[in-house]
Participant: 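Sharing a structure with you now.
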Amino acid sequence: MSDKKYTTTSGIEIKPLYTEAKPMDERPGEFPFTRGIQKDMYRGRLWTMRQYAGFSTAEESNKRYHYLLAQGTTGLSVAFDLPTQIGYDSDHEMADGEVGKVGVAIDSLKDIEILFDGIQLKDITTSMTINATASILLAMYIALAKKQGADLKQISGTIQNDILKEYAARGTYIYPPKPSMRLITDIFEFCSKEVPKWNTISISGYHIREAGSTAVQELAFTLANGKTYLKAALDKGLDINVFAKRLSFFFNCHNNFFEEIAKFRAARRMWAKITKGLGATDEKAQMLRFHTQTGGSTLTAQQPLNNVIRVSNQAMAAVLGGTQSLHTNGYDEALSLPTESAAKIALRTQQIIAFESGVADTVDPLAGSFFVENLTDEVEAAAWVYIDRIDAMGGSVNAIESDYMQNEIASASYQYQKEIESGERISVGVNKFTQEEEGLTEVFNIDDSIRKLQSEKLEHLRSTRNQVEVEKALQRLSEAAKGETNLMPLIIDAVEKYATLGEIADVFRACFGTY
């Protein structure tokens with residue numbers, strides 16, 4: 001027998017053979033939800049096939065949304081450009097060179113009206129990947145729903161709204177942690193009363209993983225951040241049995257098939273224990289619901305068609321792990337934003353898994369596997385070690401401010417890169433099975449003329465709106481930000497007066513400072 005050691009990406013040793021597992025009497029849909037949050041899982045309802053898209057102008061992104069809906073996608077997922085994410089209008093000097101590049105440029109309610117033109121918000125669910133400016137984008141979405149005559153009690157979707165992972169892994173924060181947490185809990189409070197079907201935060205491990213973490217670190221740091229949001233809402237006097245039902249999670253899915261499945265199963269079990277420990281008695285408040293995106297950082301620019309297989313492998317793991325919604329990456333995303341043809345293949349991947357593979361026909365089909373059950377236990381145990389360490393530091397904010405999470409992620413990323421460069425870890429087409437490159441014939445490019453178009457729209461908006469009303473709305477918002485009033489109604493009022501995203505973010509910069 002070989003003496004070679006095999007480990008998961010998190011360093012968990014894999015035995016050559018598993019011959020037993022802990023007795024398991026858990027049932028799907030019952031605490032602690034290791035086997036899934038629904039009794040019948042995909043037999044009752046398939047996961048939402050949600051393709052992440054957004055680029056250039058609202059007009060161009062709107063065309064892609066209509067295309068995706070026509071191809072059978074069942075939920076929209078909006079990518080915003082960097083200026084939108086960090087609170088700058090497209091004509092701001094800080095936006096130069098970035099407008100419309102990695103997502104759609106949104107400067108005001110006018111852009112949101114164009115983005116969803118011909119799409120009734122009451123008929124779809126929308127996920128928006130936005131954090132520091134989440135309150136402003138949600139306000140715009142709500143304002144549009146009101147204009148369409150939708151019942152706010154019925155519209156549904158998700159804002160990412162997870163600022164802690166921005167400090168730890170991604171970097172698109174604006175304000176210091178304390179006022180950022182205030183905006184988040186204001187959203188929790190407002191939506192629990194006014195937009196009760198909206199998922200008010202999607203606590204994201206995705207970007208932690210993209211920054212180079214292991215699977216165990218992704219799980220641990222994400223749930224630790226989740227605990228911090230729970231405690232912040234409890235400190236505000238909110239009922240955990242109400243607000244915890246609207247928290248969702250966003251996980252990555254990489255190539256180590258069984259480790260990823262174990263991670264998802266462990267996540268549900270751990271979150272159930274965390275919420276129960278903080279006082280949740282309603283089972284729906286104890287359930288971890290999550291969206292999955294296949295691993296962007298696993299995609300290679302070399303031999304890009306190989307990425308179709310990587311994405312298929314990851315998507316299958318997400319489904320076997322019990323995801324509630326799924327985005328599959330385009331095979332060309334290591335080179336550019338996805339082309340229409342790549343986006344279509346990505347969606348077809350999900351549809352083939354759903355309708356042809358048979359894996360959705362029974363609940364938690366890998367339950368009872370000696371390997372999967374043992375690996376689930378080991379992933380959970382390793383994640384608790386991190387969480388206990390973070391708790392001892394006083395929680396995620398302290399762990400982030402002391403650079404603990406950042407250093408752990410950087411160390412894991414460095415180790416991974418060393419293994420690639422030494423050949424210890426194989427990446428097909430990169431350090432093994434290489435060939436002379438054949439470039440893709442079609443690559444999606446965004447040119448710099450988008451900034452000029454957006455600037456012209458902004459100039460027209462400012463010359464035609466009621467400037468006095470805008471200034472009054474911004475002044476009311478500024479005064480409220482200095483106190484303890486819930487800011488969401490005032491943000492909605494400002495966007496309805498056509499105050500721009502940058503103007504509202506500047507009010508908060510003046511009141512809260514920057515980080």
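Numbers here simply count residues along the sequence, with the first being 1. These numbers come from a predicted model, not from an experiment.
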Participant: Would you say the side chains of His254 and Asn256 form a donor-acceptor pair under 3.5 Å?
Facilitator: no
Participant: Would Thr84 and Asp81 count as a side-chain hydrogen bond (donor to acceptor under 3.5 Å, both in side chains) here? Give the steps.
Facilitator: CA-CA 6 Å; Thr84 304; Asp81 72 357; 2.6 Å; yes
Participant: Using the six-membered ring wherever Trp is involved, compare the ring planes of Phe31 and Phe33 and label them parallel, tilted or perpendicular (cut-offs 30° and 60°).
Facilitator: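 Correct class here is perpendicular.
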Participant: Taking all non-hydrogen atoms of both residues into account, name the closest pair between His92 and Met94 and its distance.
Facilitator: ND1-N, 2.9 Å
Participant: Any side-chain donor paired with an acceptor under 3.5 Å for Asp332 and Thr339?
Facilitator: yes
Participant: Identify the residue among Phe264, Phe250, Phe249 that makes a ring pair (Phe, Tyr, Trp, His ring centres under 6.0 Å) with Phe290.
Facilitator: Phe264
Participant: Would you please say whether a donor-acceptor pair under 3.5 Å links the side chains of Thr57 and Gln454?
Facilitator: no
Participant: Among Gln85, Glu166, His207, which residue satisfies the side chain to side chain donor-acceptor pair (under 3.5 Å) criterion with Asn131?
Facilitator: Glu166
Participant: Any chance the side chains of Thr222 and Asn225 put a donor and an acceptor closer than 3.5 Å?
Facilitator: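 Asn225 and Thr222 do not have a side-chain donor-acceptor pair below 3.5 Å.
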Participant: Compute whether any side-chain donor of one residue and acceptor of the other, for Ser204 and Asp162, lie under 3.5 angstrom apart.
Facilitator: no
Participant: Going by atom types only, do Thr328 and Gln350 share a side-chain donor-acceptor pair under 3.5 Å?
Facilitator: yes
Participant: Does atom NZ of Lys276 have more than 12 heavy-atom neighbours from other groups under 6.0 Å away?
Facilitator: no
Participant: Are there more than 12 heavy atoms of other residues, nucleotides or ligands under 6.0 Å from atom NZ of Lys344?
Facilitator: no
Participant: Between Ser455 and Asp91, do the side chains contain a donor N or O and an acceptor N or O under 3.5 Å apart?
Facilitator: no
Participant: State, without any angle test, whether Lys165 and Gln160 hold a side-chain donor-acceptor pair at a distance under 3.5 Å.
Facilitator: yes
Participant: For Arg170 and Thr172, which I'm curious about, is there any donor-acceptor pair between the side chains at under 3.5 Å?
Facilitator: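 A pair is found: one side chain offers a donor N or O, the other an acceptor, under 3.5 Å apart.
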Participant: Is a side-chain N or O of Asn62 found less than 3.5 angstrom from the main chain of Leu115, in a donor-acceptor match?
Facilitator: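 Such a contact is found between Asn62 side chain and Leu115 backbone.
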Participant: Check the side chains of Tyr141 and Thr126 for a donor-acceptor pair under 3.5 angstrom, ignoring hydrogens and angles.
Facilitator: yes
Participant: Are the ring centres of Phe221 and Tyr386 closer than 6.0 Å?
Facilitator: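 Judged by ring-centre distance (under 6.0 Å), Phe221 and Tyr386 do meet the cut-off.
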Participant: With distance as the sole criterion, is a donor-acceptor pair present between the side chains of Glu408 and Ser213 under 3.5 Å?
Facilitator: no
Participant: Arg209 and Thr214: side-chain donor and acceptor closer than 3.5 Å?
Facilitator: no
